[in-house]
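Written below as structure tokens is the structure these notes are about.
Protein chains get the first letters and strands the later ones, always in sequence-line order, with residue 1 at the start of each.
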Amino acid sequence: MSDENMMKDLVSLCKRRGFVFPASDIYGGINGFWDYGPLGVELKNNLRDLWWKWMVLCPPLGPEGTEYAGAPVSMVGLDSSIIQNPKTWEASGHVAGFTDPMVDCRETKLRYRADHLVVYSYLDSTFLFAFNKETSLEDVEKKIHKFAKKRGSENIRQIFELGDFTKVIISDELKDRKYNYHSLDKIVAPDTLEPGTLTEPRQFNLMLDTYPGVIRDEAHKAYLRPETAQGIFLNFKNVLDSSRVKIPFGIAQIGKAFRNEVTPRNFIYRSREFEQMEMEWFCHPSEAKLWRDFWFVERQKFWTAIGLAGENLQMRDHDKDELSHYAKAGYGTADIEYRFPFTAPGFGELEGIAHRCDFDLTQHQKISGQKLEYFDQERNERYIPHVIEPAAGLTRGVLALLAEAYTLDPNRPSGVYLNFHPAVAPKKAAILPLTAKEDHVPAAQKLYMALREDFAVDLDIKQNIGKRYARQDEIGTPYCFTIDDQTNADGTVTARERNTMAQERVSMDRAGEYLREKIKPAKG
RNA sequence: GCGGGUGUAGCUUAGUGGUAAAGCUCCAGCCUUCCAAGCUGGCUAUGAGGGUUCGAUUCCCUUCACCCGCUCCA
């Protein structure tokens, strides 16, 4: 099956079985938003809880061969507000950095950032020429001559730079002159010789905004957080003053984030509302490299342990030119990438491990005026710690788990099953009386009541056993316990394993123990 | 936002300017002592809004959503 078709099938399976629905489906949906159904929320919660366990409840032991080896690293959790004082986002660089006016070319279908374009013209010309700022003067002249030659009559005298695209198009300063907003039809786009192909510049603010309180004006504008990380930086001092942590330590947070994506795409991969699992690791600047490498390895272990093993998982260092504004100076960003069906044969980002340096704390200290330095008693040194940030997409993780689990099997009735690692499977087991007759049902109900105390389990009585196995295969339930005549005789049930369809007899009393053993994530 | 494509039941697909068809799912029942999602029955659809027409799911316009490309990121 092609990857595109596989993705289609996965999306419809998700809807059919209750993993993911289009948000506000009955109104025709809304671009970039998705709802998690009864099974989807179990899957997502499982991934969330496993991350929390790995990072906060049972964090890894410190790196081998260092003073931190042998003891668990220091980690605390946090749940900060989605809406923060808007100064937060000025300090973080999101207000400036996420506001990119864009211009489209109708002719070439290319898109440009308006602030990256500069406009040239020449004496007595009626035409203007937009170029990328990096374009050399030589290339500018070459193109303008080519344009003139094509037009025949144009006589070129003294080419000059008119200014930034945005200024030329919309500034009042130039409004009264012959170049103004209405000159768009006179502008020749960078990659064509045809004038008038550019659209008006459009402002894209990648943050969604809202207005808390009663007054709806600019002064009262606030933003829905575009990342959970800043909430951690805002609480750096609070955590330090309240929880007896000392550097190096981490603060972890899971929560929703919002981005007004230009183009939400690829199911839940890029949506406007999504969930992040982020941890900010605060350390001495001299140990940034050590911890960056440490977390990179630890995070790989996590994804591998819950089932994303093999060649669909890839580790990659960012090239210098794709680094975020905060990561340029440090040891860079490394990605854990997954081969999603829609990126194949390429990969898509699942988690980024970034060295954010002291960018965020420095910024917040500067803008807020609050001291965010740390006094290190052991070193007898005052400094702003450096930050290593493993930032994972929870909802992207859900998609990766779904894609990885999706397995075609023409030899079974369902034709497809979800090969979830038991640790993430939305249902750990189904309890099935072999028949709906009297002597099988009570035992099944008893087992169900016992198991549901500790596990997400299903009790399914209706219809024949083959149908029920097929249904459980399709939602990825790793085990089925079936009650038959022998159960009443010796207290055993059959345990049927999803992938192999093999069965073994297990004492009903041991069913819980059996499950607990099976659903542990692989050792890191 | 731009360009291209798609839109018929919960899902996957037929089909037609004149009563909209099927398989699976789901529900009710039957049959079932381990793969028999086998049997019977039932619910459910032309994305939304306009227009042309005696009559539109079909033709036209607008809009919305999804898919592919540009772009962006967790």
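- Of the nucleotides present, B:C27 is the one that pairs with B:G41 by Watson-Crick or G-U wobble criteria, both distances under 3.5 Å.
- One can place CG of A:Asp25 at 11 Å from P of B:A9, the figure rounded to the nearest angstrom.
- Here the separation of B:G41 from B:G15, taken at their C1' atoms, is 26 Å to the nearest Å.
- At the heavy-atom level, A:Glu474 lies under 4.0 Å from base atoms of the strands shown.
- Across all strands, A:Thr494 comes closer than 4.0 Å to base atoms (heavy-atom distances).
- Distances were taken from every side-chain heavy atom of A:Ser12 (C-beta onward) to each of B:U12, B:C68, B:C34; the shortest belongs to B:U12.
- Distances shown here put every side-chain N or O of A:Lys15 at or beyond 4.0 Å from the OP1 or OP2 atom of B:G10.
- With rounding to whole Å, A:Ile30 atom CD1 is found 15 Å from B:G47 atom C1'.
- When the C1' atom of B:C11 is taken as reference, atom CD1 of A:Ile475 falls 16 Å away, rounded to whole Å.
- For a distance-only test at 3.5 Å, the side chain of A:Tyr27 fails to qualify as a donor-acceptor partner of the base of B:C64.
- Nucleotides B:U63 and B:C24 are separated by 41 Å at their P atoms, to the nearest Å.
- Under 4.0 angstrom from either OP1 or OP2 of B:C64 there lies no side-chain N or O belonging to A:Asn31.
- Aromatic ring pairs are classed by plane angle as parallel below 30°, tilted from 30° to 60° and perpendicular above 60°; the pair A:Tyr338 and A:Phe340 is perpendicular.
- Nucleic acid contact for A:Ser414: base, since at least one base atom lies under 4.0 Å from a heavy atom of the residue.
- Remark: C1' of B:G38 and CZ of A:Arg468 are 14 Å apart, rounded to the nearest angstrom.
- Residue-level contact check: A:Asp484 touches the bases, meaning some heavy atom is under 4.0 Å from a base atom.
- The CG-P distance, from A:Asp35 to B:A65, rounds to 15 Å in whole Å.
- Distances from the side chain of A:Thr263 to the nucleotides B:C70, B:C66, B:C39 place B:C70 closest.
- As judged by a 4.0 angstrom heavy-atom cut-off over every strand, A:Leu350 is placed among residues touching the sugar-phosphate backbone only.
- For B:C60 and B:U53, the C1' atoms lie 12 Å apart once the distance is rounded to whole Å.
- Residue side chain A:Arg396 reaches the base of B:C73 through a donor-acceptor N/O pair under 3.5 Å, judged by distance alone.
- Using Watson-Crick or G-U wobble geometry with both donor-acceptor distances under 3.5 Å, B:C72 finds no partner in any strand shown.
- Checked against the 6.0 Å centroid threshold, A:Tyr479 and A:Tyr514 count as a close aromatic pair.
- Separating the CZ atom of A:Phe267 from the P atom of B:C66 is a distance of 11 Å, rounded to the nearest angstrom.
- You'll find the side chain of A:Pro60 reaches within 4.5 Å of the side chain of A:Trp295, heavy atoms only.
- Between A:Arg505 and A:Gly29, it is A:Arg505 whose nearest contact on RNA chain B lies nearer the 5' terminus.
- B:G3 and B:C73 have their P atoms separated by 24 Å, with the value rounded to a whole Å.
- Among the protein residues, A:Arg412 comes within range of no part of the nucleic acid, since none of its heavy atoms lies under 4.0 Å from any strand.
- For the pair A:Arg272 and A:Phe258, the cation-pi criterion (under 6.0 Å, within 45° of the ring axis) is not fulfilled.
- To the nearest whole angstrom, the two C1' atoms, one in B:U44 and one in B:G10, are 8 Å apart.
- Among the heavy atoms of the strands, none lies under 4.0 Å from A:Ser24.
- The cationic atom of A:Arg496 (NZ for Lys, CZ for Arg) does not lie both less than 6.0 Å from the six-membered ring centre of A:Phe481 and within 45° of the ring axis.
- Using C1' as the reference atom, B:U62 and B:A22 are 33 Å apart when rounded to the nearest Å.
- For A:Gln503 against B:C34, a side-chain N or O and a base N or O form a donor-acceptor pair under 3.5 Å.
- A salt bridge does not link A:Glu349 with A:Arg316: every distance from a Lys NZ or Arg NE/NH1/NH2 to an Asp or Glu carboxylate oxygen is 4.0 Å or more.
- Considering only the side chain of A:Gln276, B:A74 comes nearest among B:C70, B:A74, B:U32.
- Look at NZ on A:Lys44: it is 14 Å from C1' on B:A74, rounded to the nearest Å.
- Relative ring orientation between A:Phe302 and A:Trp54 is described as perpendicular, the plane-to-plane angle rising above 60° on a 0-90° scale split at 30° and 60°.
- Searching all strands for a Watson-Crick or G-U wobble partner of B:C66 with both distances below 3.5 Å returns B:G5.
- OP1 or OP2 of B:C68 lies within a sub-4.0 Å distance of a side-chain N or O belonging to A:Asn266.
- Side-chain rings of A:Phe274 and A:Trp34 stay apart, their centers remaining 6.0 Å or farther from each other.
- Nucleotides B:A21 and B:U16 place their P atoms 14 Å apart, quoted to the nearest Å.
- Looking at the side chain of A:Ser271, the nearest of the listed nucleotides B:G38, B:A74, B:C34 is B:A74.
- For B:C26, one of the phosphate oxygens OP1 or OP2 lies less than 4.0 angstrom from a side-chain nitrogen or oxygen of A:Arg17.
- In this model, the phosphate group of B:G29 is approached by a side-chain N or O of A:Lys462 to a distance below 4.0 Å at OP1 or OP2.
- Taking 3.5 Å as the limit, the base of B:C24 and the side chain of A:Arg16 contain no donor-acceptor pair of atoms between them.
- Remark: the separation of the C1' atoms in B:G23 and B:C39 is 16 Å, to the nearest Å.
- Within 4.0 Å (heavy atoms only), A:Gly415 reaches no atom of the nucleic acid at all.
- Close to B:C26, at under 4.0 Å from its OP1 or OP2, lies a side-chain N or O of A:Arg471.
- B:A14: no Watson-Crick or G-U partner with both key distances under 3.5 Å is found in any strand.
- Here A:Ala436 lies in heavy-atom contact (under 4.0 Å) with a base.
- Regarding A:Phe274, its CZ atom lies at a distance of 8 Å from the C1' atom of B:C73, rounded to whole Å.
- A:Glu261 comes within 4.0 angstrom of a base, heavy atoms only.
- The two residues A:Pro426 and A:Ile475 have their closest heavy-atom pair at CG-O, 3.9 Å.
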